[in-house]
Amino acid sequence: MTQHLTVVEHPLVQHKLSIMRNKDTSTASFRQLLREISHLLAYEVTRDLPLSNVRIETPLCEMDAPMIEGKKLALVSILRAGNGLLDGILELIPAARVGFIGLYRDEETLQPVQYYNKLPANMEDRVTILVDPMLATGNSSAAAVDLVKASGAKEIRFLCLLAAPEGVARMKEAHPDVPIVTASLDQKLNEKGYIVPGLGDAGDRMFGTK
Ligand code: URA
């Protein structure tokens with residue numbers, strides 16, 4: 001991918017996102033829409049994956065059929081909200097390998113601290129898609145990319161539902177080589193670090209917690 005930030009403006013994505021933003025949308029609908037939108041975002045983030053031909057035999061004849069090249073993709077979910085995007089993407093790319101990164105924010109330093117990190121083997125040979133619905137300050141996203149890079153991954157993409165300008169700038173500064181795909185670049189962060197207009201706490205909305 002050449003662009004640092006891609007906003008997926010497809011009408012289906014925008015329509016579903018608007019329903020998700022609505023505070024009156026139920027947990028069940030939010031979850032279903034997240035699943036649907038993750039298919040559409042996955043389509044966009046994988047758009048330029050290289051293909052190579054493999055010789056196969058159809059019921060009629062032999063042919064050179066295009067298949068995605070190289071090792072299986074790695075999908076890495078940033079807990080817990082990343083799992084909502086992950087489930088939908090796995091429906092589209094069921095053979096992908098999956099990793100999880102858990103980070104919490106130290107309330108004194110405000111810096112992300114790792115509490116879980118389990119990644120697939122051979123990360124250096126895989127295209128890695130990091131998923132987290134909300135790119136807010138960018139601190140935990142940048143830290144997650146640090147961990148994925150430390151595992152050897154070289155080609156990394158970041159997929160989110162909403163991005164704040166502050167988070168995009170932080171990622172560009174820390175990881176200019178990691179393209180971001182999102183459904184919307186929102187206006188700003190508020191004083192509590194929430195994306196505005198946003199959709200609230202993505203984890204709470206998808207899991208029905210508060
Ligand atoms: N995380 C969320 O879930 N929502 C925001 O608005 C920002 C970070």
Side-chain angles (χ1 to χ4, degrees), residues 4-8 13-38 40-42 45 75-89 99-117 129-148 157-175 178 180-210:
H4 185 251
L5 179 70
T6 301
V7 179
V8 183
V13 171
Q14 294 305 315
H15 181 88
K16 289 177 194 297
L17 177 59
S18 296
I19 305 172
M20 294 176 78
R21 287 183 189 274
N22 188 331
K23 67 179 176 50
D24 295 326
T25 295
S26 69
T27 301
S29 300
F30 188 93
R31 212 178 268 160
Q32 176 62 27
L33 287 157
L34 183 60
R35 188 174 288 265
E36 292 167 5
I37 219 170
S38 64
L40 300 163
L41 295 176
V45 78
L75 303 176
V76 178
S77 168
I78 304 178
L79 298 172
R80 70 181 160 150
N83 286 16
L85 274 178
L86 173 70
D87 289 347
I89 301 172
F100 296 94
I101 290 177
L103 299 164
Y104 70 88
R105 193 165 73 146
D106 183 303
E107 290 307 331
E108 277 182 15
T109 63
L110 301 182
Q111 290 308 306
V113 181
Q114 174 198 321
Y115 66 86
Y116 193 76
N117 182 6
I129 304 173
L130 255 175
V131 297
D132 189 353
M134 310 299 269
L135 176 56
T137 63
N139 287 336
S140 56
S141 308
V145 175
D146 285 339
L147 291 170
V148 167
R157 298 158 187 215
F158 188 90
L159 182 63
C160 57
L161 193 55
L162 298 186
E166 294 87 337
V168 173
R170 171 86 181 90
M171 283 285 276
K172 189 162 191 182
E173 168 200 292
H175 299 293
V178 175
I180 299 166
V181 174
T182 186
S184 175
L185 179 61
D186 272 18
Q187 284 164 22
K188 59 175 184 179
L189 290 181
N190 71 10
E191 63 290 347
K192 290 187 174 150
Y194 278 90
I195 299 177
V196 178
L199 49 73
D201 186 296
D204 283 345
R205 301 259 348 244
M206 72 182 72
F207 297 119
T209 48
K210 196 84 180 127

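The basis for the numbers below is simple: all heavy atoms, side chains too, and nothing from hydrogens, waters or symmetry mates. Every number for a ligand or one of its atoms is a count from 1 in the order of the listing.
Separating the CD1 atom in Ile19 from the CG atom in Leu199 is a distance of 13.0 Å, to the nearest 0.5 Å. Distance check, rounded to the nearest 0.5 Å: CE of Met206 to CE of Met20 gives 7.0 Å. The line from OG of Ser38 to CG of Leu85 is 6.0 Å long, rounded to the nearest 0.5 Å. If you take CZ on Phe158 and NE2 on His4, they are separated by 10.5 Å, rounding to the nearest 0.5 Å.
Taking only nitrogen or oxygen atoms, main chain and side chain alike, Ile195 reaches within less than 3.5 Å of ligand 1. Backbone and side-chain nitrogen or oxygen atoms of Ala202 are examined, and one is located within less than 3.5 angstrom of a nitrogen or oxygen of ligand 1.
Within the structure, the closest approach of Gly198 to ligand 1 does not fall below 4.0 Å when heavy atoms are considered. Residue-ligand proximity: Gly200 is placed with a non-hydrogen atom under 4.0 Å from ligand 1.
Inspection of the Thr25 and Arg205 side chains reveals no N or O donor paired with an N or O acceptor under 3.5 Å. Checked by atom type, the side-chain pair Thr209/Arg80 shows a donor-acceptor distance below 3.5 Å.
For ligand 1, the atoms closer than 4.0 angstrom to any heavy atom of Ala136 are 7 (C), 8 (C). Within the listing of ligand 1, atoms 1 (N), 2 (C), 3 (O), 4 (N), 5 (C), 6 (O), 8 (C) sit less than 4.0 angstrom from a heavy atom of Met134. Every atom of ligand 1 is numbered from 1 in the order shown, and the set under 4.0 Å from a heavy atom of Gly193 is 7 (C).
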